[in-house]
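What follows is one structure encoded as structure tokens, with my remarks underneath.
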There are 4 protein chains.
Amino acid sequence: MRARNSASKQQAEGRARSFTETGRRAQIVASAIDVIAEVGYQRASFAKIAQRAGLSSTGMISYHFDGRDDLMREVVAEAMRVADGYLRPRIEAHESYAARLRASIEGNLDLLAEYPNHLAAIGEVLGNLRGGDPGMVAFTEGMEAILAFQVEQVRKGQAAGEFCDFDPWVMLRAIRAAIDDVVRRARDEPGLDACATGRELADLFDRATRKTP
Amino acid sequence: MRARNSASKQQAEGRARSFTETGRRAQIVASAIDVIAEVGYQRASFAKIAQRAGLSSTGMISYHFDGRDDLMREVVAEAMRVADGYLRPRIEAHESYAARLRASIEGNLDLLAEYPNHLAAIGEVLGNLRGGDPGMVAFTEGMEAILAFQVEQVRKGQAAGEFCDFDPWVMLRAIRAAIDDVVRRARDEPGLDACATGRELADLFDRATRKTP
Amino acid sequence: MRARNSASKQQAEGRARSFTETGRRAQIVASAIDVIAEVGYQRASFAKIAQRAGLSSTGMISYHFDGRDDLMREVVAEAMRVADGYLRPRIEAHESYAARLRASIEGNLDLLAEYPNHLAAIGEVLGNLRGGDPGMVAFTEGMEAILAFQVEQVRKGQAAGEFCDFDPWVMLRAIRAAIDDVVRRARDEPGLDACATGRELADLFDRATRKTP
Amino acid sequence: MRARNSASKQQAEGRARSFTETGRRAQIVASAIDVIAEVGYQRASFAKIAQRAGLSSTGMISYHFDGRDDLMREVVAEAMRVADGYLRPRIEAHESYAARLRASIEGNLDLLAEYPNHLAAIGEVLGNLRGGDPGMVAFTEGMEAILAFQVEQVRKGQAAGEFCDFDPWVMLRAIRAAIDDVVRRARDEPGLDACATGRELADLFDRATRKTP
DNA sequence: AATGAATGAGGCTTCATTCAT
DNA sequence: CATGAATGAAGCCTCATTCAT
């Protein structure tokens, strides 16, 4: 496998990846998630990631990924896949928009308690993107799409009379920022009760969004 | 001037800095703030900062500052000095705790409109600290002290019946995170209306904190 | 190969080094010995060593060795290995303590004639250690151990009536110093007859140590 | 005063130095001796020397001395002046060549006890010379002249029947090396009794040189 | 697939020196 | 005389990447 054929491109081309190939890639991505969560995006060097993956050479990472950006894309994609698998059922278990918002907030922090590194990795990678970064643009757009979906949901909630009047974009960014902040705090404060903080945040944003009679 | 005598130490020793010395240091700090805001903490190399400051070599930065940490300390100190000078009068112009909270939020984003790089630099530096970073610990503690003061204010507001019942730490961190998020967005979206977003955020957290009868 | 796993550590871990790995390391060490002997410990920069080893960048040295100290450790270890292999049989070929002392002195200078750089490198590295140098402490202790062994031999010689009464430590340090001095002289005086000087020194210290009836 | 007119050149030109000029130069030389003795020749940077001399800028050293080599020349000249003033009367107080040799050895180590840094500085500077060093050649020649004088004395002692037959050059270099070794040891071992070691060394070389009946 | 080796760029620091004031 | 500032070189180190095997 040539590195320049990144995983996504290959799938688009319809060629199946071998088991080992998939395995190694996944292993590297998993190690990258851990390392990024531990030392941050910039300090997560190929050397550290290879070491954690049990590889004796950073060359293998360059072999499997078409550069650092490609690896980081996979890191976020994998972490988001896990997050989505965890959150979607919990959110869709509720009917009302307000309950779903609460489930989303609390779910994120329950997820943090269960997978301490995934949300941190997402935050690190996305937080270190710069406007001009080529190759990562599609990424920002992906996140934007998710946010746009949530905005749509909130708008429906407002239309349904569940939420008061506010700018959904500002609200949802504030929620995301508050969650990410807890994720960062959890990194340095092992004793932090993420779930309790999640409930507190859910209460906070419930007051900020609900329609007062 | 010996670099290892950082500005604060020198002042503590009572020795006055020469005009030029102060000037170059300030110029380097100002350049650092700009570079950090533009490319981020990790990518803000001495080379880029020196170039922006009109210096021909990175050696001059090592000459004026006792290493990267020392420079970053000055960066945050300077940015916080500016922010404090801007925000304090605006906040203290109000009597009620709720009004002061609103003034704080809106003030931060007005400040962002006026000094687009200072808050970004603070966020970048503090956001890239890791638990074990020696030499920067005093910094985290400094921020914690500011937050603790605000927590105390909020508690008084709760006691005074202006605010409803919530965990002040969680609330204030959420506010800080929301503001920092706007700061980051402003970096990549030149068209963003920071002041309007400030008012929206102030409304949001007003609903989240105010006592409902 | 990870540089931070120095050769000794790796061997302790039981992992075999590849042929090339050993080769390059050995080549770098050999080049370092030459450069150190030529320009001295402090002026033996990675750049010079890399150049002599046919490497295009100093990065390779950092890749193979965990810093300057690690390289210097290997330099001394290798030079001492060679010296030991050369001297031990020559010394142990003799029975009496006096003859062994003579063999040791003459052997050192014969070794100098054969390997002009090894003793010089040892002297340069050890001579540039300072008390507080961390990481090199084990080294000084290693040399001290060798000296302590020789002291013990001399004491036995005294007990056996071969040597007169003197402080073995002072004597052995004087011998070592005299040998090292010749090593340094040989560096700048190509015409020096090391072996003849060795015999002269052996005579000198024979008179200084032998029991007079 | 222009640095390029070094002290010696100026005296040769017959121009008197001002008091301050002489004072500063002497102060810098004295500081250099201390710093060199403490951290070694190579690590004795202008910065450290200036700091110890109470100067706030290394520029003053470049102003007073025509480069590092010039300073080092003065360091050795000054240290040798002190050593000569101390040793000469002690040596000349004796008549026999053997007694003078003993006085020389013991005197050097008494000197070490009294001026712990001067002999160390001499040894550091001279020990770091390399053959090709331009500008320092005159220096080695100076030392060689001293040694040549001592050699002459020893030859006379041999002719007078006080000493046995040996190569005076080898003997005197061995003595010098042994003394310098004690000087280096004294640097790292504060408890060392230099005078006692001096007596032991004097005994050693007395046995090595005296005529046995 | 995997490894170890190599590269070249870039990072921060220290140094001796020069210069305007 | 003295200072602080500036320079340019050199030093060691880390990094992502490439390549032969």
Side-chain angles (χ1 to χ4, degrees), chain A residues 1 3 18 20-21 23-24 42-50 55-69 71, chain B residues 1-3 17-25 42-50 54-69 71, chain C residues 1-3 17-25 42-48 50 54-69 71, chain D residues 1 3 18 20-21 23-24 42-50 54-69 71:
Chain A
M1 165 201 171
S18 79
T20 355
E21 181 184 325
R24 265 287 178 251
Q42 302 275 2
R43 283 187 270 226
S45 65
F46 278 21
K48 291 193 187 104
I49 295 168
L55 295 170
S56 68
S57 154
T58 67
M60 276 314 293
I61 302 181
S62 290
Y63 174 75
H64 280 292
F65 297 89
D66 190 12
R68 194 172 208 265
D69 286 358
L71 170 58
Chain B
M1 166 206 167
R2 298 294 314 159
R17 269 177 274 149
S18 79
F19 194 68
T20 7
E21 180 182 330
T22 310
R24 253 306 177 234
R25 274 183 73 99
Q42 302 273 5
R43 281 186 272 232
S45 65
F46 277 22
K48 290 192 186 107
I49 295 168
L55 295 169
S56 73
S57 82
T58 68
M60 271 317 288
I61 301 182
S62 290
Y63 171 74
H64 280 291
F65 297 88
D66 193 11
R68 197 179 150 87
D69 284 1
L71 171 57
Chain C
M1 168 206 166
R2 297 293 314 158
R17 269 176 275 149
S18 80
F19 193 67
T20 7
E21 180 182 331
T22 310
R24 254 305 178 235
R25 273 183 73 99
Q42 301 274 4
R43 281 186 271 233
S45 65
F46 276 23
K48 292 194 187 102
L55 295 169
S56 72
S57 81
T58 69
M60 271 317 287
I61 302 182
S62 290
Y63 172 74
H64 280 290
F65 298 89
D66 193 12
R68 194 173 210 269
D69 285 0
L71 171 57
Chain D
M1 166 200 170
S18 77
T20 354
E21 182 183 325
R24 263 288 177 252
Q42 302 275 1
R43 283 187 270 227
S45 65
F46 278 21
K48 291 195 188 99
I49 295 168
L55 295 170
S56 67
S57 155
T58 67
M60 276 315 292
I61 301 181
S62 290
Y63 173 76
H64 280 291
F65 297 89
D66 190 13
R68 195 172 207 266
D69 286 358
L71 170 58

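Chain identifiers are assigned alphabetically (A, B, ...) following the order of the sequence lines, protein sequences preceding nucleic acid strands; residue numbering begins at 1 within each chain.
Under the side chain to side chain contact (heavy atoms under 4.5 Å, CB included) criterion, Ser57(A) pairs with no residue, sequence neighbours left out. Contacts of Arg68(C) classified as side chain to side chain contact (heavy atoms under 4.5 Å, CB included), with partners at least two apart in sequence or in another chain: Tyr41(C), Ala44(C), Phe46(C), Met72(C).
Helical stems involving DNA chain F, defined as 3 or more consecutive Watson-Crick or G-U pairs under 3.5 Å, span E:2-21 with F:2-21.
Phosphate contact (OP1/OP2 of dA2(E), side-chain N/O of Arg24(A), threshold under 4.0 Å): present. Side-chain N/O atoms of His64(B) include one lying less than 4.0 angstrom from OP1 or OP2 on dA6(F).
Atom CZ in Arg24(D) sits 10.5 Å away from atom CD1 in Ile61(D) (nearest 0.5 Å). Atom CZ of Arg25(C) sits about 8.5 Å away from atom CG of Leu71(C), to the nearest 0.5 Å. Here the CD1 atom belonging to Ile49(D) is positioned 9.0 Å from the CZ atom belonging to Phe65(D), to the nearest 0.5 angstrom.
Closest contact between the side chain of Leu55(A) and the listed nucleotides dA6(F), dT3(E), dA6(E) involves dT3(E).
Between Lys48(B) and Ser56(C), the one whose closest nucleotide on DNA chain E sits nearer the 5' end is Ser56(C).
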Report, as a single string ordered 5' to 3', how protein heavy atoms within less than 4.0 Å touch nucleotides 16-21 of chain E: B base, S sugar-phosphate only, - not at all. SBB---
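dC12(F) atom C1' lies 10 Å from atom CD1 of Ile61(C), rounded to whole Å.
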